[in-house]
Amino acid sequence: MHGEYKVPGGKLVVVDLDVVDGHLSDFHLAGDFFLEPDTALDDIDAAVNGLPVETDATGIAAAVRGALPEGAQLLGFTPEAVGTAVRRALVTAPGWRDVDWEIVHEHPVSPHMNLALDEVLTTRVGDGRRRPTLRLWEWDQSAVIIGSFQSVRNEVDPEGAKRHGYDVVRRISGGGAMLMGADAIVTYSLYVPAALVAGMTFADSYAFLDDWVLQALRGMGVEATYQPLNDIASPQGKIGGAAQKRLANGGVLHHATLSYDMDGEVLTDVLRIGREKLSDKGTVSAAKRVDPLRRQTGLSRAEILERLTATFASLYGAEPGSISDDEYAEAEALVASKFATDAWLHRVP
């Protein structure tokens, strides 16, 4: 069995192994990481060999960590990365390059339609009716998009939203509110099969699915890093955040919003951002803890979108794609039956 795991912001971890009588056997670790002393590689191999096949990634990491000699240096990978690679080998998880990708960037649609398309396209990827897809959002009106489990009245000031022309809508993924002003953000969705993130913890899959965007941002001169659980940041402040939804049919939705431009006054006027949340982040202002891409790159929003798609296509061989008339029609029906209804918006009052 063969497994690979690219550590977000780090190196490639490769494992080869067999299973004999319910235990891991003939295990060998490889990759482009750095490890000192050299003999620690043999220690890692010995630690994994003989483990029960049902040992999870955390248990494998603990065995590796316990076998490392005092003072060992692991650069570009961790014991947890070894555990993830082993679990991926056991389920024969595909890598990024094993997936036949397409990129979709089409005309603006309403915030409701963007959310409905997320559900429709994720479902179709899970069913095998659509290739895994990266979709870049465009929208035709400003909106606040709240997370699946957020309270409308706790998150949004209705008078502020009305004053600034922001509609309020709810998405199917968890996480926090997104303020979607005209030309002020960059939002993308990944629709992938669950096999792509097999063997990973839920938390690890966030960083794994956004590693490409960190590479793209670094190519634009932004010192982008991933801050668990779901923040994309730079030394100057937060850039954006990600959220996920996993469907029962095996489709995974992973979407992220990056701040391109920002009006701090509008943000605090529309969103009810609690003092507790701000104090937890070590700052007194929501506006001050976000550092938009316009300031960091000097690029237009259109140029940033072009750089993102070019990076994704280069890394994974993705091809231009489109949304079918049938998919749009299904999404329109879902807007009417779900996303535009008061029952959905106020399911958490």
Side-chain angles (χ1 to χ4, degrees), residues 1-33 41 44-64 74 76-102 121-134 189-212 215 244-254 312-313 315-319:
M1 299 176 183
H2 178 86
E4 298 185 0
Y5 175 58
K6 168 66 170 59
V7 179
K11 298 297 185 178
L12 181 67
V13 176
V14 181
V15 299
D16 291 282
L17 66 142
D18 290 322
V19 174
V20 177
D21 295 330
H23 291 77
L24 305 184
S25 176
D26 198 25
F27 174 82
H28 295 284
L29 173 67
D32 59 355
F33 49 76
L41 186 64
I44 294 173
D45 287 352
V48 176
N49 273 310
L51 290 175
V53 71
E54 63 269 18
T55 307
D56 63 14
T58 301
I60 296 168
V64 169
L74 285 67
F77 80 116
T78 63
E80 286 72 21
V82 177
T84 297
V86 171
R87 295 311 310 176
R88 286 174 62 77
L90 291 169
V91 297
T92 61
W96 284 96
R97 277 278 180 178
D98 298 321
V99 174
D100 186 17
W101 292 99
E102 67 177 62
L121 300 182
T122 305
T123 299
R124 292 199 172 206
V125 168
D127 288 342
R129 291 181 288 154
R130 159 175 275 278
R131 290 192 292 170
T133 303
L134 166 67
S189 296
L190 283 168
Y191 315 111
V192 306
L196 184 64
V197 292
M200 298 183 197
T201 65
F202 197 84
D204 285 345
S205 72
Y206 271 80
F208 178 77
L209 290 174
D210 276 334
D211 188 51
W212 71 273
Q215 296 183 58
Q244 276 188 25
K245 176 66 176 180
R246 301 191 178 199
L247 304 184
N249 73 344
V252 177
L253 164 65
H254 179 96
F312 193 88
L315 288 172
Y316 309 132
E319 299 176 346

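Residue numbers run from 1 in the order of the sequence given.
Residues meeting the side chain to side chain contact (heavy atoms under 4.5 Å, CB included) test with Thr92, sequence neighbours left out: none. For Asp32, there are no salt bridge (charged side-chain N to carboxylate O under 4.0 Å, His left out) partners, not counting sequence neighbours. Here Lys6 pairs with Asp211 under the salt bridge (charged side-chain N to carboxylate O under 4.0 Å, His left out) rule; sequence neighbours left out. Judged as a side chain to side chain contact (heavy atoms under 4.5 Å, CB included), and not counting sequence neighbours, the contacts of Thr55 are Leu51, Pro52, Ile60. Among residues two or more places apart in sequence or in another chain, the side chain to side chain contact (heavy atoms under 4.5 Å, CB included) test is passed with Ala203 by Thr201, Leu229. Looking at residues two or more places apart in sequence or on another chain, you find a side chain to side chain contact (heavy atoms under 4.5 Å, CB included) between Ala194 and Val252. Scanning for ring pair (Phe, Tyr, Trp, His ring centres under 6.0 Å) contacts around Tyr206 gives Phe202, His254, with sequence neighbours left out. Arg130 meets the side chain to side chain donor-acceptor pair (under 3.5 Å) test with Glu102, Thr133, Glu327; sequence neighbours excluded. Partners of Glu319 according to the salt bridge (charged side-chain N to carboxylate O under 4.0 Å, His left out) rule, which considers only residues two or more places apart in sequence or in another chain, are Arg131. Arg97 meets the salt bridge (charged side-chain N to carboxylate O under 4.0 Å, His left out) test with no other residue; sequence neighbours excluded.
A donor-acceptor distance shorter than 3.5 angstrom exists from the side chain of Arg88 to the backbone of Ala198, with no hydrogens or angles considered. The backbone N or O of Gly95 lies less than 3.5 Å from a partner atom in the side chain of Asp98, making a donor-acceptor pair. Judged purely by atom type and a 3.5 angstrom limit, Asp127 has no side-chain atom pairing as donor or acceptor with the backbone of Arg129.
When every heavy atom of Pro193 is checked against every heavy atom of Pro132, the shortest pair comes out as CD-CG, 3.7 Å. Residues Met200 and Ser205 come closest through the heavy atom pair SD-CA, 3.9 Å. The two residues Leu196 and Pro94 have their closest heavy-atom pair at CD1-O, 3.7 Å. For Ala81 against Val7, the heavy-atom pair with the smallest separation is CB-CG2, 3.7 Å. Between Ala63 and Ala47 the shortest heavy-atom distance is O-CB, 3.5 Å. The two residues Ala195 and Ala93 come nearest to each other via the heavy atoms O-CB, 3.4 Å.
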For this session: Check the pair Asp100 / Tyr316 against side-chain contact (heavy atoms from CB on, under 4.5 Å), numbers first and verdict last.
Result: CA-CA 8 Å; Asp100 186 17; Tyr316 309 132; over 6 Å; no
For this session: Under the side-chain contact (heavy atoms from CB on, under 4.5 Å) rule, what do Phe77 and Thr84 come out as? Steps first, then yes or no, please.
Result: CA-CA 11 Å; Phe77 80 116; Thr84 297; over 6 Å; no
Exercise. Are Trp96 and Trp212 close enough, and set up right, to give a ring pair (Phe, Tyr, Trp, His ring centres under 6.0 Å), and what steps lead you there?
Worked result: CA-CA 10 Å; Trp96 284 96; Trp212 71 273; 7.9 Å; no
For this session: Could you walk me through whether Leu247 and Thr123 pass the side-chain contact (heavy atoms from CB on, under 4.5 Å) test, one step at a time?
Result: CA-CA 7 Å; Leu247 304 184; Thr123 299; 3.3 Å; yes
For this session: Show your working on side-chain contact (heavy atoms from CB on, under 4.5 Å) between Val192 and Val99 and close with a plain yes or no.
Result: CA-CA 9 Å; Val192 306; Val99 174; over 6 Å; no
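Contact annotation: the side chain of Val197 approaches that of Arg246 to within less than 4.5 Å [non-hydrogen atoms, C-beta and beyond].
For the atom pair CZ of Phe312 and CG of Leu134, the computed distance is 5.0 Å after rounding to the nearest 0.5 Å. The distance from the OH atom of Tyr191 to the NZ atom of Lys245 is 15.0 Å, given to the nearest 0.5 Å. Atom CG of residue Asp204 and atom CG of residue Leu209 lie 11.0 Å apart, to the nearest 0.5 angstrom. Considering CD of Gln244 and OG of Ser189, their distance stands at 11.5 Å, rounded to 0.5 Å. Rounding to the nearest 0.5 Å gives a distance of 6.0 Å between CG of Leu41 and CZ of Phe33.
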Contacts table for residues 11-28: side-chain donor-acceptor under 3.5 angstrom, sequence neighbours left out:
residue : atom : partner : partner atom : Å
Asp16   : OD1  : His2    : ND1          : 2.8
His23   : ND1  : Asp21   : O            : 3.0
Asp26   : OD1  : His28   : NE2          : 3.1

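Contacts classified as salt bridge (charged side-chain N to carboxylate O under 4.0 Å, His left out) and involving residues 45-61 (residues at least two apart or in different chains) are not found.
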